[in-house]
Each structure stands twice: as C-alpha cells, then as structure tokens.
**Student:** 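Below are the structure tokens for one structure; questions will follow.
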Amino acid sequence: MTERAQHDPDSPKKPSPTQVAGSPLLREARQHLVRAHEPVLATVRASRICTRSQKSAAWVRHIEIDVSGTPLEGSWVSGQSFGVIPPGQDPNGNPHKLRLYSIASPTKGETGDGTILATTTKRLIDEGWDNHELFLGVCSNYLCDLDEGAPITITGPVGKRFVLPEDPSKHDYLFISTGTGIAPFRGMLGDLSELGMPSKATLITGAPYESDILYFEEFMALRDRFGDRFTYLPTISRHSTPAQTDPMYVQDRMKLESERLLPLLKSERTLIYICGVAGMELGIIQALAGILDPVSLGQYVLVDPSIPSDPEGWERTMIPRKLKPTKRLMLEVY
Ligand SMILES: Cc1cc2nc3c(=O)[nH]c(=O)nc-3n(C[C@H](O)[C@H](O)[C@H](O)COP(=O)(O)OP(=O)(O)OC[C@H]3O[C@@H](n4cnc5c(N)ncnc54)[C@H](O)[C@@H]3O)c2cc1C
C-alpha cells in the first residue's frame with residue numbers, strides 16, 4: 001500500500017483548486033522521503049493523555065517520536081502527515097497496511113531541532129458491526145499502547161497542500177477542527193507563535209464533551225500570550241458549559257460568532273483550514289454561505305450554478321466538483 005492508498009489529500013483525480021484573489025503561495029513541502037516499501041525505525045520518546053480531563057471517555061494521546069538520524073529529521077513542515085506501519089498481519093495473512101497520522105508538531109518539532117515529531121492519536125474503539133464483540137482499531141491502539149523507548153516503523157512526510165503559506169505574515173487564518181483534526185493546527189500555531197503571531201488566527205475546535213478538548217492548556221496559554229491576535233473558541237456539541245449556553249457543532253459556532261468572524265472572512269488575506277472528521281466540511285461550507293454574500297463566499301468556494309441556490313439543499317457529494325474549494329480553503333478530512 002502506498003501513502004496515497006489510505007487517503008488522498010493531494011489526489012490528482014480531484015479538480016485542482018481555483019486561483020482567486022489572495023491565493024497563497026504555499027510553503028514548499030517535501031514528500032515521501034521515506035516510502036512504505038522502505039520504512040525507517042524511530043523511537044517513541046513520550047506518550048501522554050492530551051484530553052482536558054483524564055476522565056474523558058475518549059482516549060487520545062500525544063505521542064512523541066524521535067526521528068533522529070532518519071530522512072524525516074528536519075524534513076517536514078507543520079500540517080503534513082506521516083505513516084505508521086503496525087506490526088503483524090491482517091485476517092487475510094497480509095502485513096498490516098500503513099496508516100497516516102497528522103504531525104502535531106511545529107516545523108522544528110517538539111524540541112526546536114527537527115528531531116522529535118508528535119502525533120495526536122485517538123484509540124479507535126467500537127462494538128463489532130456484525131457481532132457484539134469489542135472492535136479495536138489496529139494502528140491507533142498499537143500506537144497508544146507504545147511505551148517510551150519502543151521502536152516504531154514509520155514513513156513520510158506526506159501532503160503538500162495542507163500547509164502554511166511561504167510567508168505566513170501575508171495572511172490571516174481561520175482554523176476549524178473536530179477531534180484529532182486539531183493536530184496540524186497545533187503545529188501551525190506553533191510556527192506562527194515562534195514568529196511572534198504576525199497575523200490574526202482564530203481556532204474553532206469541536207469536541208463532544210468539555211473533558212475531551214485537546215491541548216486545552218496549551219491553547220489557553222497562546223491566547224493569554226497573544227491577546228486579540230489569537231482567538232480560541234473550543235466548542236462543545238453534547239452539553240452546555242458556563243461559557244457556552246447551548247451545545248453546538250463547529251458550524252453552529254461559526255454562525256453564532258458571525259459578527260466577529262465577518263471582517264476576517266471578508267478579508268482578502270484570510271485562509272480557511274478545515275481538519276477532522278469526514279463530513280464536517282459540508283456544514284462549514286453551508287455556514288459560510290449563510291454568513292457571506294455570494295462574492296465573498298467565492299473567495300473560498302465556487303458554487304456551480306446547477307446545484308440548488310439554497311445551501312440547505314447542498315450535499316457532501318457536491319464537494320469538490322459542484323462546491324469547489326478555491327486555493328484559500330484547505331481541506332483535510334478522514
Ligand atoms: C491524512 C490523514 C491524517 C490522519 N490523522 C490522524 C490523526 O492525527 N489522529 C488520528 O487518531 N487519526 C488520524 N487519521 C486516521 C488514522 O489514519 C486511522 O485511520 C485511525 O487511527 C484508525 O486506524 P486503526 O488502524 O486504529 O483502525 P482500523 O483497524 O484500520 O479500523 C478502522 C476501520 O474499521 C472499520 N470499523 C470501525 N468500527 C468497526 C466495527 N465496529 N466493526 C467492524 N469494522 C469497524 C472502519 O470502517 C475502518 O475502516 C488520519 C487519517 C488520514 C487519512
């Protein structure tokens with residue numbers, strides 16, 4: 001299996017995004033320095049729970065991997081992914097396939113020297129679809145079980161479009177994530193922070209419960225450090241909180257904050273990045289259509305005249321051909 005087989009962030013089959021005013025020149029991102037047929041061994045350096053509360057019903061871990069001495073050292077940029085090959089075989093006796101994980105670290109890694117990259121991994125735990133047996137995702141549980149010092153087989157980096165612009169100061173940012181989709185934004189915000197936050201950045205990040213918010217303390221520290229240049233909007237979908245009177249999804253949060261978001265969204269400087277659970281992009285595009293006039297919406301999405309004019313009639317299958325992201329909207333959903 002190639003890095004492309006699991007998911008296709010840069011698929012040649014997809015229509016290439018349209019150039020509009022304010023389109024960014026993206027950073028150069030090198031890809032596939034380590035391929036699946038020749039993976040490298042790295043070492044787990046640390047592993048810790050990164051939900052807000054240890055009592056969260058979701059198990060998500062921040063796992064740091066030492067890639068020193070491999071071609072991955074110093075070679076990724078924030079927003080890219082890397083591959084993990086779990087040991088063992090699938091039920092058909094074939095070696096387990098590679099899974100991709102977003103790099104949660106800034107471009108210079110966890111220690112500033114490009115040797116340590118991190119992932120934000122959620123254990124996939126389910127009940128069997130055909131029986132009532134516990135179903136444990138192979139790679140996510142393998143990764144989350146690894147202790148400090150354990151060897152791990154990896155590939156990468158992967159992805160060239162879900163990255164910051166070459167000159168980050170030329171743009172402002174709206175980052176929208178659900179669940180582990182926060183990972184690339186932790187890295188990108190780390191890069192922006194290192195530059196002294198030269199632009200305005202807003203992060204809307206969704207979690208089902210308050211206990212599940214990822215990296216809460218880190219983002220609060222960024223907010224305290226950068227004031228109105230970094231807006232942090234954690235958004236809870238299954239209960240209300242003192243800061244949020246009604247449960248809501250990230251797209252509802254956009255509508256609720258439309259007055260605050262409008263100048264950002266209308267500006268030619270702004271880039272929108274969306275990462276997380278597949279399907280989230282439709283609600284976000286519909287929310288954008290509700291907030292923006294058609295011309296401003298066209299900065300991010302080109303709406304084909306053949307589809308219903310009412311966004312309520314839009315469907316996910318219309319993305320990317322009938323609802324075509326421009327170069328100012330970056331999507332990474334899985
Ligand atoms: C670009 C990209 C970036 C990603 N970044 C991250 C990240 O940062 N963090 C992260 O945690 N994940 C990330 N993922 C997802 C990750 O690659 C894996 O898909 C995920 O960890 C699940 O893999 P697994 O091996 O644990 O599960 P698998 O063993 O592969 O199981 C998942 C499969 O099992 C099926 N399944 C689920 N429940 C059941 C059930 N009850 N019965 C039968 N079958 C079932 C699902 O359809 C799915 O196909 C990313 C994916 C992509 C493509």
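First listed ligand is number 1; within each ligand, the first listed atom is number 1. Residue numbers count from 1 along this sequence. From a predicted model like this one, the values you see are computed outputs, not experimental measurements.
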**Student:** Indicate the ring-plane relationship of Tyr209 and His239, choosing parallel, tilted or perpendicular according to the 30° and 60° boundaries.
**Tutor:**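 Geometry flag for His239 against Tyr209: parallel rings.
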**Student:** Against heavy atoms of Thr120, which atoms of ligand 1 measure under 4.0 Å?
**Tutor:**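 Answer, ordered by atom number: 7 (C), 8 (O), 9 (N), 10 (C), 11 (O).
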**Student:** Considering Glu127, Glu332, Arg186, His96, which one's heavy-atom position lies nearest to atom 41 (N) of ligand 1?
**Tutor:**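 Looking at heavy atoms only, the winner is Glu127.
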**Student:** Decide side-chain hydrogen bond (donor to acceptor under 3.5 Å, both in side chains) for Arg225 and Ser193; before the verdict, give the C-alpha distance in whole Å, the side-chain angles of both, and the deciding distance to 0.1 Å.
**Tutor:** CA-CA 9 Å; Arg225 186 169 158 207; Ser193 165; 3.1 Å; yes
**Student:** Can you find an N/O atom of Phe135 closer than 3.5 Å to an N/O atom of ligand 1?
**Tutor:**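 So ligand 1 has no N or O lying under 3.5 Å from an N or O of Phe135.
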**Student:** For ligand 1, is there an N or O atom under 3.5 Å from any N or O atom of Leu100?
**Tutor:**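 Yes: some nitrogen or oxygen of Leu100 is under 3.5 Å from one in ligand 1.
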**Student:** Tyr300 ring centre to Arg328 NZ or CZ under 6.0 Å, with the angle to the axis within 45°?
**Tutor:**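 Positive - Arg328 is close enough to the ring of Tyr300 and near enough to its axis.
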**Student:** From the options Ser81, Gly137, Pro86, Ala118, select the one whose nearest heavy atom is closest to atom 27 (O) of ligand 1.
**Tutor:**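 The nearest heavy atom belongs to Gly137.
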**Student:** Hey, is Val138 touching ligand 1 through its side chain, its backbone, both or neither, going by heavy atoms under 4.0 Å?
**Tutor:**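 Both backbone and side chain of Val138 come within 4.0 Å of ligand 1.
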**Student:** Compare all side-chain heavy atoms of Leu203 with those of Phe185 and state whether any distance is below 4.5 angstrom.
**Tutor:**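 Of all side-chain heavy-atom pairs linking Phe185 with Leu203, at least one is under 4.5 Å.
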**Student:** With respect to Ala183, determine whether any N or O atom, backbone or side chain, lies less than 3.5 Å from an N or O atom of ligand 1.
**Tutor:**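 No, no N or O pair falls under 3.5 Å.
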**Student:** Going from CG on Leu265 to CD on Glu257, what distance comes out if it is rounded to the nearest 0.5 angstrom?
**Tutor:**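 One finds 11.5 Å between CG of Leu265 and CD of Glu257.
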**Student:** Going by the atom numbers of ligand 1, which of them fall below 4.0 Å from some non-hydrogen atom of Cys139?
**Tutor:**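 That gives atoms 24 (P), 25 (O), 26 (O) of ligand 1.
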**Student:** For Trp129, is at least one N or O under 3.5 Å away from an N or O on ligand 1?
**Tutor:**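 So ligand 1 has an N or O lying under 3.5 Å from an N or O of Trp129.
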**Student:** State whether a side-chain donor-acceptor pair under 3.5 Å links Arg61 with Ser47.
**Tutor:**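 Yes - a donor-acceptor pair under 3.5 Å links their side chains.
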**Student:** To the closest 0.5 Å, what do you measure between CG (Leu214) and OG (Ser177)?
**Tutor:**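 The distance works out to 8.0 Å.
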**Student:** Answer yes when Arg45 and Asp66 have at least one side-chain N-carboxylate O distance shorter than 4.0 Å, and no when they do not.
**Tutor:**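 No, no charged N to carboxylate O under 4.0 Å.
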**Student:** Just to be sure I read this right, does ligand 1 sit under 4.0 Å from the backbone of Tyr334, its side chain, both, or neither, counting only heavy atoms?
**Tutor:**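 For Tyr334, only side-chain atoms sit under 4.0 Å from ligand 1.
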**Student:** Do any nitrogen or oxygen atoms of Ser140 come within less than 3.5 Å of a nitrogen or oxygen of ligand 1?
**Tutor:**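 Yes, at least one N or O pair falls under 3.5 Å.
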